[in-house]
Amino acid sequence: MIAPERITVTCDSSSRPGDAFYADGESGLRYWFGHLAAAPAVGRMFAPGQAFGKVGANTIGGGPHVHVGVNVERLFGTGKELKHHTNYTH
């Protein structure tokens, strides 16, 4: 997995299976990344395009994958949502 922008890891989290974390982006977006092999340490910073982790090996939901949540409330206001869903397979 690579950073979509300059991010700072703000909190450990978990996902079943695997590890997860929250990060704040330089843009004001907040991210959650789940189903990783291991989460980076809180406070760690990553540049755009820099690798921050590997997708965990699992067989749930068709095989190894990652979930990414993007919170836009800091930019659009509390309670506001940006909805997008992509079902990508290759």
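Computed from a prediction, not measured in an experiment: that's the story for all the values here. The figures that follow rest on heavy atoms only: side chains count, while hydrogens, waters and symmetry mates do not.
Minimum interatomic distance between Asp19 and Ser13 (heavy atoms only, all atoms of both residues): OD1-O, 3.2 Å. Here the shortest heavy-atom pairing between Phe52 and Leu36 reads CE1-CD1, 4.2 Å. Residues His65 and Val55 come closest through the heavy atom pair O-CG1, 3.3 Å. Here the shortest heavy-atom pairing between Gly79 and Glu73 reads N-OE2, 2.6 Å.
In this structure, the side chain of His35 does not engage the main chain of Ala20 through any donor-acceptor pair within 3.5 Å. The backbone N or O of Glu26 lies less than 3.5 Å from a partner atom in the side chain of Glu5, making a donor-acceptor pair.
Between Pro40 and Phe33 the shortest side-chain heavy-atom distance does not fall below 4.5 Å. Asn71 is not listed as a side-chain neighbour of Trp32, based on a closest heavy-atom distance of 4.5 Å or more. Within the 4.5 Å cutoff, side-chain heavy atoms of Arg74 are placed close to those of Asp24.
In the hydrophobic clustering of this structure, Leu29 does not group with Ile2; members are Ile, Leu, Val, Met, Phe, Trp, Tyr whose side-chain heavy atoms approach within less than 4.5 Å, directly or through other members. Under the 4.5 Å side-chain contact rule for hydrophobic residues, Val9 and Val66 share a cluster.
Sparse packing is recorded around OH of Tyr22, with 12 or fewer heavy atoms of other residues, nucleotides or ligands lying under 6.0 Å away.
To the nearest 0.5 Å, atom CZ of residue Arg44 and atom CD1 of residue Ile7 are 10.0 Å apart.
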